Each structure stands twice: as structure tokens, then as C-alpha cells.
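Taking it in order: structure first as C-alpha cells, then the write-up.
Just so it is clear, the values below take in all heavy atoms, side chains as well, and ignore hydrogens, waters and symmetry mates. Sequence lines set the chain letters: A, B, ... in the order given, protein chains first and strands last, and positions in each chain run from 1. Just so we're clear, the structure is a prediction, and the values are computed from it rather than from any experiment.
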2 protein chains.
Amino acid sequence: MRVTIADVARIAGVSKTTVSRVLNTRDEVDHSTRAHVREVIDRLGYVPSSGAVGLARGTSRTVGMLVPSLTWPWMGEVLQGVVDTVEAAGFGLLLFTCNRGTDSVERFTSQVSAGAFDGLLAVEPEDTLAMLAALHRKGLPVVLIDDRGRHPEFPHVTAANREGGAAAAGHLLAVGRRRPLVLAGPLRFGCVRDRLDGFEDAYAAGGCPLDPALVIESDFTEADGRETVRRLLSEGRTFDAVFAHNDLAAVGALAALRTAGLRVPDDVAVIGFDDIPMAGLMYPPLTTVQQPMREMGETAARMLLALLAGEELSDPSVVLPTSVVIRQSTAGV
Amino acid sequence: MRVTIADVARIAGVSKTTVSRVLNTRDEVDHSTRAHVREVIDRLGYVPSSGAVGLARGTSRTVGMLVPSLTWPWMGEVLQGVVDTVEAAGFGLLLFTCNRGTDSVERFTSQVSAGAFDGLLAVEPEDTLAMLAALHRKGLPVVLIDDRGRHPEFPHVTAANREGGAAAAGHLLAVGRRRPLVLAGPLRFGCVRDRLDGFEDAYAAGGCPLDPALVIESDFTEADGRETVRRLLSEGRTFDAVFAHNDLAAVGALAALRTAGLRVPDDVAVIGFDDIPMAGLMYPPLTTVQQPMREMGETAARMLLALLAGEELSDPSVVLPTSVVIRQSTAGV
DNA sequence: CTGAAAGCGCTTACAG
DNA sequence: CTGAAAGCGCTTACAG
């Protein structure tokens with residue numbers, strides 16, 4: 001049987017109130033009483049029932065996390081950052097995905113109403129944004145880990161996409177590339193427009209404005225990156241670099257260039273975005289703009305915990321710096 | 001304010017007992033009463049507090065999952081399988097990692113005592129096995145997703161490692177490789193010994209027993225795979241194939257062979273194990289023995305849910321089939 | 001078929 | 001400094 005606070009109280013010869021105070025408050029308890037109760041707690045191995053504590057206090061000391069998919073290459077890093085931070089604060093992490101339509105969305109919202117968690121971390125909530133906004137308005141603390149949209153109504157953390165795009169341009173210009181192909185992500189995403197703007201402006205400032213025919217919307221997949229580059233080459237387009245808006249598309253570009261008999265980086269330099277764990281293991285190793293995924297997870301988790309502690313966020317919109325990781329796909333050997 | 005069962009009861013003009021029965025039982029309630037209560041529940045948007053239900057019922061309808069790391073290449077697939085299954089059953093998933101020593105282990109065990117979840121899924125619990133065994137003995141339902149050890153004391157799901165090793169051998173023999181290098185994982189892992197046994201036996205049966213000097217213990221990392229192959233080549237060893245016990249090591253082998261000027265698969269064929277998401281995106285695309293990671297997650301989750309439902313497991317030790325995915329690193333173009 | 005009451009294991013005014 | 005009692009929001013015998 002479970003050891004309860006009543007057991008501890010009885011054996012220690014005090015009231016449940018006193019045991020509760022030993023557990024939860026720093027003062028109001030006589031030193032020797034406190035020591036004695038502590039001893040009994042340890043001896044019995046008593047741990048308060050989280051359900052009962054939650055019911056009495058009206059809080060669960062648990063945060064929820066909603067992700068669109070767990071199999072994206074960088075999701076593990078974000079998750080690890082979140083879990084580490086949340087665990088260290090003594091909170092639990094309840095994980096949800098929303099990849100199966102209304103059914104799972106409904107189940108998720110009912111978990112919210114059920115008070116299963118006190119606050120929510122959401123990654124790139126494209127389809128679920130309206131729902132989240134409703135929950136947020138009803139008082140659920142929410143922090144977005146959001147690399148796609150622009151959501152000033154939520155506290156959120158993103159990477160410095162514009163600066164990342166500019167840095168990619170700076171690097172390509174530095175290695176002498178004047179005619180880059182841009183394999184953009186879906187243009188409805190804020191992050192994509194930011195990366196593009198930063199890149200375009202930097203190229204213009206460098207004295208060679210982009211050729212609009214070489215800015216192509218793609219969909220962040222390896223397959224589409226590969227196919228797009230193949231098609232452009234077959235149409236006779238020329239370019240001396242590829243800036244892909246994510247690493248998967250860059251890997252696709254690598255494959256298409258190889259198939260076409262072009263050398264990377266000699267004929268065409270390739271730079272990606274994300275720095276997924278496999279980026280350095282590609283052939284050639286992929287130069288890329290790094291997003292600090294783990295740190296983004298940690299930061300978002302810290303923000304949510306602060307909110308739950310009743311603190312004001314000094315800055316509800318955190319932008320973490322990106323940086324170019326130079327590897328052989330742009331640098332040669 | 002939260003809508004409670006008392007609100008529903010008052011507005012519907014019935015007792016809390018009746019509302020509870022409408023919520024939880026199929027019978028014992030008059031048809032029209034039931035309909036009326038349902039209507040009030042919907043109108044008010046009432047959702048029972050999971051904490052209160054848990055306290056009253058002594059169960060949390062939540063399962064825990066303990067993983068050593070969230071950033072391993074195949075972990076996302078396992079997690080996705082688990083989350084999908086658990087969510088579909090209306091359970092929550094509480095995620096824990098144990099990468100920060102005794103501190104996090106202690107925090108984890110206290111969550112168990114706190115009754116935060118009803119059952120546990122654990123992935124490759126090398127260091128935490130003793131702790132898990134203790135919890136299991138105390139009555140916590142546990143299912144292992146375990147590709148490393150052999151733990152007959154727990155219900156668990158693994159991949160068919162021995163058969164996978166044999167299949168790798170069969171494939172290499174079929175493409176004419178008679179002198180393979182084996183880049184084994186740490187030999188203390190059961191899965192490693194199984195893969196090795198299957199591979200060795202199949203090669204022996206094929207008429208060419210392995211050269212013991214070409215069976216090397218490695219550590220499942222890309223760096224060690226690369227370094228080991230580099231060293232062997234520099235020592236003048238010859239081999240016409242590499243069987244790596246995981247895909248990361250295989251990717252390392254690919255890099256070392258390339259650096260040495262050897263062609264894959266012409267000079268040396270390479271086959272890995274796992275089929276991580278990036279395997280097909282390598283150059284050349286990596287032939288590998290696929291472990292059904294997502295299915296392993298789903299199966300383990302289903303087993304745990306069955307246990308929680310009070311069912312007996314028809315088979316507490318489930319072995320899921322592996323299969324060779326043939327790509328260019330062994331097959332040429 | 002329905003309800004009053006006790007109980008799940010805590011916390012928290014309130015009183016002393 | 002300490003405790004009796006009410007309350008958190010449910011479920012579940014028990015009685016009718």
C-alpha cells in the first residue's frame with residue numbers, strides 16, 4: 001500500500017498539517033519537530049501523491065508540449081533542451097502530437113480542460129494556431145518555439161532568421177559566389193521570408209542583386225530540393241551556389257548536383273540552414289546556418305516556467321543568434 | 001472558473017453520482033436522464049479534472065517513458081510510435097530522460113512513488129536497469145523497448161537481431177563478398193552478440209568463415225567507425241565489405257573508404273543496421289538492416305496498455321522482424 | 001434507476 | 001509553533 005501523509009503523521013505523532021508544513025514551508029515549524037518528521041518521512045520513504053497535491057493546490061507541476069511531428073531531424077534536440085530544463089525544475093513533461101486531424105486536436109484540448117498541465121510549449125503550431133490562441137485567451141500560459149510564423153500575441157523564441165540569411169550570403173560572397181540559387185521554403189512561413197530578405201539584401205549590398213529566376217519556392221523536403229535542382233539544370237540555368245532554406249533540401253541539392261556531374265564546392269557551393277545532426281556527415285560535409293535548437297528548447301521552457309511562477313517576462317519575444325558552420329560544401333578542402 | 005461535476009449536477013437537476021454514471025458507465029441510467037445530462041455537459045463544456053479522477057480512482061491514465069537520450073537518430077521514430085498509440089487510447093505520455101546521473105534518477109523514482117503514471121516504457125535502460133527492476137518488483141508495470149540487453153524478467157520488444165545479422169551476411173554473399181569486415185557494437189550488448197552470431201553463422205554456412213582479425217569492437221559512433229576503418233586500411237588489411245552494427249558507424253566507414261580512395265560498392269560494399277531516416281540520403285545511399293523502430297514503439301505501448309487493462313500478455317517477449325533495405329552502398333547503380 | 005455520504009490524499013485558512 | 005476541519009473534484013459502495 002501507498003504510504004500517505006496520514007501514516008507519517010500518525011507515526012511521527014503530529015498532525016497532517018504539521019507534516020504538510022515540513023514538506024512545503026520553510027518556517028512555522030519547530031526545529032526539532034521538523035527534524036523528527038523528516039526522519040519519519042525518510043524512514044517510510046514517503047512521497048506525496050502528485051495527484052492529491054495537484055487537486056488540493058489546483059496545479060499540476062506539469063507542462064505540456066505539443067509538436068507536429070517527432071521525426072523531424074532537429075526535433076530531438078529541441079525536446080532534449082525542454083526535458084532537461086523542465087526536469088531540473090521538478091516539473092513533469094506531458095508530450096502530445098497533433099498529426100491525426102481533429103480527433104487528436106480534440107483529445108488534446110480536453111486534456112487542457114482536464115487541467116492535466118499548467119502551461120504549454122508548442123512547436124511550429126501551423127494548423128493548431130487558432131486553437132492555441134483560444135486556450136491562451138482563456139488563461140493557459142503558452143510559449144511558442146516557432147520558426148515559421150510571426151506570432152506577436154504569444155511569448156515565443158525563434159532563431160535570427162534574417163541575420164542567418166544575411167550571414168549565408170556573406171559567406172557565399174566571401175568565397176566568390178556571385179550567382180546563387182535560392183531553394184526557399186514555403187513562402188507563407190515568416191522564417192522563410194526573413195531568411196530570404198536577409199539573403200537578398202546582403203547580396204544586393206554586395207553589389208550583385210539576385211536573379212529572380214533563381215529564387216525558387218520549395219517545400220523543405222529532400223526530394224523537392226533534389227528535383228528542383230535537377231529541373232533547373234536541365235533547363236540550362238546556371239548558378240555557382242545554392243542557398244537552401246533547410247538542410248534536407250540542401251542534401252537534395254547535393255544529390256542532384258552530383259548526378260549532373262557537377263563538383264561541390266568547385267562548380268557549385270552549397271549552404272543549408274538548421275545544422276541538423278547529420279549535416280556534418282554528408283558528402284561533402286554540409287556548410288549550414290546553425291539554429292541553436294537545444295538552446296531554443298531550453299529558453300522556451302525557462303520562459304514558461306517563469307510564467308508559471310507568476311513572473312513577468314522581461315522579453316516575450318526572444319530571438320537566438322544563428323551562426324554559419326563552415327564545412328566542405330562551400331569551403332573545399 | 002473551472003466547470004465542475006457539481007455545476008453540471010446542479011444545472012441538470014440531478015446528483016453528482018448520476019453525472020458520474022453518465023460519464024463512466026454504460027448502464028444504470030435512465031435513457032432520458034442520460035440524454036439530458038449529456039446535453040448539459042456539452043453546453044457547459046465540462047471536462048472532468050484528470051487530477052481529481054485520478055485521486056478518486058487511484059490511477060492516472062498516464063504512462064511514463066524513460067529514454068537515455070532524445071537525440072539519437074532513431075529515437076524520434078520510436079517516440080512517434082509510442083505517442084500515437086498512447087494518445088489513441090486516451091492516455092497521456094510523461095517523458096523522462098536519465099542523462100544527468102543520480103540526481104535525475106532520484107527525481108524519476110520519486111515521480112513513480114508520487115503515482116504520476118500507471119506504467120512505464122523504458123528504452124535501452126543500461127544504467128537504470130537495477131532501479132527499474134526494483135520498481136517492477138514493487139508492482140509498477142514496465143515494458144522495455146530494448147535493443148541492447150536480454151531481460152527476460154521484463155516484458156519487452158526487440159528486433160530480430162540474429163536474423164538481421166544473418167540477412168546482412170546473405171546479402172553480402174549474394175553480391176559476391178567473401179571477406180567482410182565487421183564493425184561490431186560494444187560486445188556487452190546482447191543485440192551486438194546476436195547480430196554477430198547470425199552474421200558469422202551465415203558466412204560459415206556460406207563456405208567462408210570470418211577472419212577473426214576482421215571482427216572489431218567499436219562503439220556505435222560515426223567517429224569510431226571512421227577511425228577504425230582508417231586504421232585497418234593503414235595497417236594493410238584487406239576486405240571487400242563492411243558490416244557495421246549501426247548506421248552511424250557505417251557512415252563513418254563510408255567516409256574512411258572515400259578518404260582512402262576506395263570505391264563503394266565496387267571495391268568495398270557497406271551495409272549498416274537500423275535504417276535511420278538519413279540512411280537513404282547518404283552518398284552512396286546506405287544499404288542497411290531495417291529495425292522497425294516505430295512499430296517497436298507502437299507494440300511496446302500496446303503491451304503496456306494491455307497490462308494496465310489487467311490483461312495477461314500472450315507473449316511477454318516480442319521480437320519484430322528485420323529486413324534488408326538494399327541501396328547503392330552494396331548494389332552499385 | 002437515483003442519491004446521500006464517505007473517501008481518495010493532500011493543502012490551507014482559521015483558531016488557539 | 002501546532003492542530004481540527006473544510007475543501008479541492010471526483011468515484012463508489014450502500015441504501016432505497
Just the rounded figure in Å: distance from C1' of D/dC10 to CG of B/D7. 13 Å

Rounding to an integer number of Å, can you tell me how far A/R2 CZ sits from C/dG7 C1'? 15 Å

Select one nucleotide: of D/dG3, D/dC14, D/dC10, the one nearest the side-chain heavy atoms of A/V14. D/dG3

Assign each of B/V19 and A/H31 the nucleotide of DNA chain D bearing its closest heavy atom; nearer the 5' end lies the nucleotide of A/H31

In whole Å, I'd like the distance from the CZ atom of B/R10 to the P atom of C/dT2. 20 Å

Donor-acceptor pair, distance only, cut-off 3.5 Å: does the side chain of B/T17 make one with the backbone of B/S15? no

First encountered from the 5' end of DNA chain C, between B/S15 and B/A52: B/S15

Rounded to whole angstrom units, what separation is found between the CD1 atom of A/I5 and the C1' atom of D/dA4? 14 Å

May I ask you to decide if the ring planes of B/F117 and B/F96 are parallel, tilted or perpendicular, using 30° and 60° as cut-offs? tilted

For atom CG of B/D30 and atom P of D/dG16, their distance in whole Å: 22 Å

Using whole Å, report how far CZ of B/R21 lies from C1' of D/dT11. 10 Å

Quick one: label A/T17 by what it contacts on the DNA or RNA (base, sugar-phosphate, nothing), any heavy atom closer than 4.0 Å. base

Is B/T299 reaching over with its side chain to a backbone N or O of B/E295, donor-acceptor style, under 3.5 angstrom? yes

Across all strands, who's sitting opposite C/dA13 as a Watson-Crick or G-U wobble pair, both distances under 3.5 Å? none

Given DNA chain C, 5'-ward residue of the pair B/R34 and B/L55, judged by closest heavy atom: B/R34

If you look at every strand shown and take non-hydrogen atoms under 4.0 Å, does B/S20 touch a base, only sugar-phosphate, or nothing? base

For C/dT2, does either OP1 or OP2 sit under 4.0 Å from a side-chain N or O belonging to B/T33? yes

B/K16 NZ to D/dG7 P, in whole Å, measures 12 Å

How long is the line joining OH of A/Y46 and C1' of C/dG9, in whole Å? 7 Å

Look up atom CE in B/M131 and atom CG in B/L66, then write down how far apart they are to the nearest 0.5 Å. 5.5 Å

Nucleotide opposite D/dA4 in a Watson-Crick or G-U pair, distances under 3.5 Å: none

CD1 of B/I11 to CD1 of B/I41: how many Å apart, nearest 0.5 Å? 11.5 Å

Would you state whether a donor and an acceptor, one from the side chain of B/R57 and one from the base of C/dG7, lie under 3.5 Å apart? no

